[in-house]
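These notes are about the structure you will find just below.
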Amino acid sequence: MKHINIQKYSHLKSAVATYSIDENAVFGQFIFVANGAKGHLNVRQSEGHVVGRLHENFPPLLARVRKMLCGVRGVLRARRVAGVLCRTAASEVGQPLTADTVLADKYEKKRTQAKPFAKELFLGRVDYDLFAYPEVLDPERLQTLNEMVAPIEKFFNERLDSRAIDREAKIPPEVLNALKEMGLFGQQIPEEFGGLGLNATEFARIAEVTALDGSVAVTLAAHQSIGLKGLLICGTEEQKRKYLPRLATGEWVAAFCLTEPSSGSDAASIQTRATLDKDGKTWRLNGGKIWISNGGIADFFTVFAKTEQFDEIGQKEDKVTAFVVERGFGGITSGKPEDKLGIRGSNTTEVHFDNTPIPMENVLGEVGGGFKVAMNILNSGRFSMGSSSAGVLKKLIKLVTTHATERKQFGKQLKEFGLIKEKVAKLSVDVYAMESMAYMTAGILDLYDNPDCAMEAAMVKVYSSEAAWTGVSECLQILGGLGYMKDYPYERYLRDSRIMMIFEGTNEIMRIFISLLGLQHAGAELSETVRKARNPLLYPGYTYRLLRMNFRHTMDAPKMNLRLKGYTHPSLEAATNNVEYCVLRLQYATMIVLQRYGKGVIDAQLELRRVADIAINVYAAFASVSRASRSYCIGLHNAEYELVLAQTVALKTLALVKQYVGELEVGPLNGLDQAHMDIGKKLHQSEVILDYAFSIKTESISDTQDCVSILVTALQDLQNGINDIIVQSQRPAINWCKEEIISPLNEVPLDDPFHDAENFVSDETQQLDAAGLLVHWDDKQEATEDPVIVIKNIDKDAASLEVLNSVFDAVSEKSWTESEPQEPLDEVQQFECLNCNETFSDAGELEAHRAKNHTLPTACDLCGKVSG
Amino acid sequence: MLRPRLLSGVLARWTGGADRLQSSRNFGVSNFLLKKADDSEQEEQKQVVAKSIFDMKEKNKNSYIDMVRKYNERNVLKRGHVEFIYAAMKHMDEFGVSKDLEVYKALIGIFPKGKMIPRNLFQEAFQHYPKHQQCATDILEKMEQNGVIPDMEVEVMLTNVFGKTGHPVRKFMRMYYWMPKFNNLSPWPLPKPVPDDPFELAKLALQRITSVDLLTKINTFDSKDLEDSLDKTWILSAQSPLQKEILGRLPSDQPLYVEGAFKIWLRSECVQYFVLRGKPKPYQPRPTMDEIDDVSNLKSPYIDEEAAEKTLEPLRTVHEQAEGTIIAIAATGTSSKDSLLSWIRFLQKTNPPLDRIPVLFSMTSPFGQVVPVNDSAGNQGQRLSD
């Protein structure tokens with residue numbers, strides 16, 4: 001026990017230190033008393049540094065005591081005092097005075113997350129803590145990271161022949177070995193198992209570099225982001241000890257086997273099956289997986305299969321279970337590597353399991369809990385995609401700006417043209433947003449203990465994959481023809497980046513996932529409000545209040561009550577206000593869809609997509625603004641440029657949110673949505689548009705051919721079991737059909753006593769009618785160049801096919817010349833009987849004819865009554 | 001209750017304004033506590049500390065910190081510590097530690113803790129222990145001048161000595177806010193510290209100047225490669241393809257001028273550079289308002305061949321300034337006239353038009369007096385080579 005010289009720390013009344021020193025470590029506890037309050041500080045030494053942590057177990061009047069203790073309010077000061085005390089301890093025990101204990105405390109401790117960040121956005125709430133952009137790495141660790149990144153970057157830029165990898169569709173073994181030597185196969189595996197033990201932020205930074213080659217990036221990601229992630233998340237200690245060391249060195253490569261021919265996004269529908277042997281100790285795995293990255297080179301598989309379980313009431317049900325499978329277990333065969341559009345160097349194969357024995361201890365997580373495991377793995381693996389695509393885009397921007405500086409057109413450098421400037425600006429704004437999102441998400445993962453971060457990761461994935469695709473495409477546009485050539489790397493980047501919108505959950509699924517998670521979270525809290533809002537007549541008082549509350553929202557001027565602008569630098573006030581507006585509008589959008597659809601919201605996909613897009617962009621703006629504010633406050637290099645970027649992200653988000661909230665307010669009445677649904681339905685469900693649109697009028701012979709080819713295709717389709725047909729052809733043919741077949745059929749009721757059916761309705765029409773086919777002329781199409789005939793409800797029986805055949809035969813025999821305007825003949829007055837088409841040269845003759853033959857009553861024009 | 005700081009403001013207004021409160025030396029009320037510390041007196045105070053303390057064989061950071069530690073150990077009562085701090089500050093450059101935060105922390109650490117924290121409102125309002133506060137402020141001032149950014153620990157240390165409202169703490173806060181912002185403000189970041197080698201310095205300077213045209217290439221020549229050059233030295237020459245193109249268009253009857261030496265500062269280092277320039281390009285007459293208002297005949301090089309031919313006359317580039325058309329810039333090891341002559345001879349190899357265009361060496365600098373190049377250049381060369 002030793003007294004510290006407290007003269008130095010005037011606000012402390014006394015301080016007592018107890019500590020022990022052995023060869024390797026200092027452990028100690030300082031108890032200090034200030035103004036009657038007592039606190040203690042635990043100190044330990046690690047790696048030559050003394051690290052202390054203040055235990056804030058003060059008596060109840062916590063704030064007051066702290067104020068007395070430190071002279072100022074706030075926990076930070078208390079921590080700083082702890083820092084100073086640690087320094088003293090270090091000097092008294094003769095250890096180097098290097099520990100920056102304040103930082104040690106700030107960076108080492110993981111906090112518990114109070115509320116999930118992104119989900120709370122749906123309720124219009126913001127985590128103010130995160131608005132000060134998370135700072136995860138202490139200066140020392142940051143430097144270590146930079147030192148680690150430099151050689152990797154050099155390797156990827158200089159020693160890697162990405163073009164050859166793409167051409168040969170194989171990563172050469174020496175490249176893989178070099179990657180293994182750099183430790184890139186065990187980035188997130190803890191150091192005790194031989195990995196690098198990187199946290200999420202460091203992992204994301206490395207991903208930025210490894211993404212420079214898509215094939216390598218995917219190989220690495222399949223290995224550690226998903227392949228072995230299961231072990232890290234829910235593996236037993238024994239499993240970890242057995243497999244992780246070999247995986248960390250890259251001696252074994254891992255693969256993640258979930259996708260099957262019948263189950264892509266729908267993970268619960270897999271068919272692969274694992275059955276327990278009679279001895280109850282071994283599982284037998286049977287089934288096939290497709291599109292498995294690393295499938296051909298992996299020795300370690302995380303496999304998902306259905307197992308038979310008994311639920312609570314003792315009924316059999318199939319549940320997904322995750323297994324850890326070694327290639328050495330036997331019965332595993334891989335197909336040949338798939339030939340792909342992009343990431344060609346990565347190894348993608350089928351993997352078949354034929355009675356593969358798996359020991360009991362190789363079940364990952366719980367038996368029957370595999371679905372959760374799969375979702376956890378996929379959710380935690382996505383966040384690094386943001387930094388990867390940012391890495392690629394940053395490199396491309398560098399190449400493209402060089403080109404735009406060197407290339408001259410019209411006597412000016414390309415970079416001076418407004419359209420090029422706009423493209424480059426949009427690119428860098430996107431890069432800034434995706435970087436900010438990715439590192440904020442990584443920060444949440446690192447700062448908090450067991451954080452709820454799946455939604456943020458999904459947002460990063462959607463935003464960055466789409467921005468990468470459009471970004472790379474815009475780069476190609478700037479490069480012009482150069483970008484299209486295989487001699488240059490640009491087109492490879494385009495091909496490689498396409499996969500990001502597809503794998504690890506397609507963006508469509510991700511959007512639904514994002515908005516449903518958010519609505520689920522909001523729905524739990526808003527359920528009562530929504531119930532009342534959906535039944536306004538039962539709750540008139542509440543409805544009135546709701547209308548009043550939402551009045552400002554309906555006027556597009558929500559009350560800015562989050563006070564966000566106090567949390568950023570004043571230079572960013574406008575941008576911060578925009579973010580606040582967007583958060584509030586997201587809450588309003590949530591309320592709109594819940595109120596409109598109730599529980600049915602889960603099927604309103606178009607609305608869900610809008611809500612998700614709003615949320616994603618709000619997150620992007622939030623992350624960008626908070627990052628820029630931090631950069632500007634601490635004075636990073638180019639911080640002013642960051643301000644502009646963040647302001648632009650906020651403006652872009654504002655425009656998008658305004659548009660989408662406007663569309664949500666209109667709802668399903670939105671004409672475009674309805675049209676999309678109709679067209680989609682026609683295309684996908686029951687009808688086929690046979691599009692033979694000729695823009696130039698053709699000769700009669702080809703008209704006939706045209707018609708014949710229509711019919712041939714139509715008949716093929718009929719035989720293939722398609723029920724309805726739309727025939728689209730050029731006007732003369734269609735006009736004939738209309739006049740000869742359809743009009744009589746539809747417009748003239750056959751039982752009309754005043755029309756002679758025999759005279760008006762062609763044989764074909766009758767046949768069609770007899771066959772029960774509904775043929776009609778699509779009026780909407782009439783105005784367009786190429787009219788359409790719709791034939792519906794075709795029964796697939798032979799009889800109706802025969803009928804159609806004959807109709808089509810009749811159609812094809814005609815020739816479809818547009819009737820030329822005929823030369824006006826010399827006018828010879830003729831008198832025609834309207835009923836029987838006989839002509840007479842004299843009006844008197846006609847009168848006589850009508851009196852003789854047609855004395856039947858005629859219908860009155862006005863009232864339709866029949867009279868003499 | 002009135003908060004102390006508020007009251008101090010009121011008091012300051014009574015006694016002559018907040019400005020005066022900042023500076024203890026002019027502050028009337030405290031004057032009876034502080035003998036007026038003018039420069040001569042300060043000099044005397046510093047002499048109180050024996051010079052021998054700073055006479056040691058090895059002058060580096062370790063010995064400096066050792067010295068401070070020894071002072072702390074020997075003077076438990078901290079007698080004369082302000083004088084010691086001033087003396088120690090004076091010797092900082094000698095020990096080469098004036099840019100080291102840890103050393104400043106060691107100096108601040110000498111102040112006794114707790115004793116000087118104001119305990120009532122009046123002490124807080126009237127600079128408590130003015131001499132000590134001034135001393136700490138001077139330490140911070142020196143840090144500021146040397147570009148040393150304080151960290152949060154400095155704040156804790158100062159708060160422990162002077163309380164949270166002490167002048168040094170307030171100065172710290174201003175420094176802590178502004179210095180990081182200024183630290184990275186320059187769009188042309190320089191390595192820390194800037195290199196000693198004049199060649200490297202000159203290269204950095206030229207890179208900074210020529211960043212207006214990103215295609216600029218900086219070439220290194222050695223005048224040894226030329227026959228009958230007098231000065232054997234290096235020559236850095238910066239020219240972009242665009243400048244070469246402009247040179248080709250210049251008429252032969254108008255001479256080019258070599259002008260200099262101009263100065264550019266890289267932190268505390270100065271580099272001299274020279275410019276090869278031609279006559280300024282006359283500005284095109286601006287279109288009249290009538291011409292701009294007329295939209296009846298829009299022509300653009302994007303769609304009309306005719307218009308394209310018209311615009312073949314190049315647009316005004318960044319090198320064609322109102323003062324002159326800049327063809328190239330250079331820095332040489334000696335900045336002598338002969339080295340500049342060598343530079344032009346090197347340029348002739350890559351710029352054939354220079355054979356027909358006369359080059360005049362005008363040794364006038366628009367920024368100062370007319371100085372013979374030999375003198376100033378000689379000095380500069382010496383200084384740089386030192």
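Just so it is clear, the structure is predicted and the values come from calculations on it, not from any experiment. A note on names: the letters A, B, ... follow the listed sequences, proteins ahead of strands, and every chain is numbered from 1.
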*asked:* Tell me whether the count of non-hydrogen atoms from other residues, nucleotides or ligands lying under 6.0 Å of CD in B:Gln321 goes above 12.
replied: yes

*So which heavy atom on A:His569 is nearest to which on B:Tyr177, and how close?*
NE2-OH, 3.1 Å

*A:Tyr641 portion near chain B, given a 4.5 angstrom heavy-atom threshold*: neither

_Applying side chain to side chain contact (heavy atoms under 4.5 Å, CB included), can you list everything that pairs with A:Thr402, at least two apart in sequence or on another chain?_
A:Glu406

*Assess whether atom NZ of A:Lys423 is packed by more than 12 heavy atoms of other residues, nucleotides or ligands within 6.0 Å.*
yes

_Closest non-hydrogen atom pair between B:Leu214 and A:Lys415, with its separation_ = CD1-NZ, 4.3 Å

*With a 4.5 angstrom heavy-atom cut-off, could you sort out which part of B:Ile149 is near chain A: side chain, backbone, both or neither?*
neither

*Check whether A:Gln413 gets within reach of chain B through its side chain, its backbone, both or neither, counting any heavy atom under 4.5 Å.*
side chain

*Identify the heavy atoms of A:Cys633 and B:Lys181 that sit nearest to each other, and give their distance.*
O-NZ, 3.1 Å

*Side chain, backbone, both or neither: which part of B:Phe182 has a heavy atom under 4.5 Å from chain A?*
neither

_Within a 6.0 Å radius of atom NZ on B:Lys78, are there more than 12 heavy atoms belonging to other residues, nucleotides or ligands?_
yes

*side chain to side chain contact (heavy atoms under 4.5 Å, CB included) partners for A:Leu427, two or more places apart*: A:Leu393, A:Ile397, A:Cys475

*Residues, nucleotides or ligands: over 12 heavy atoms within 6.0 Å of A:Lys412 NZ*: yes

*If you look at every heavy atom in A:Gly635 and B:Asn184, which pair is closest and at what distance?*
O-ND2, 2.8 Å

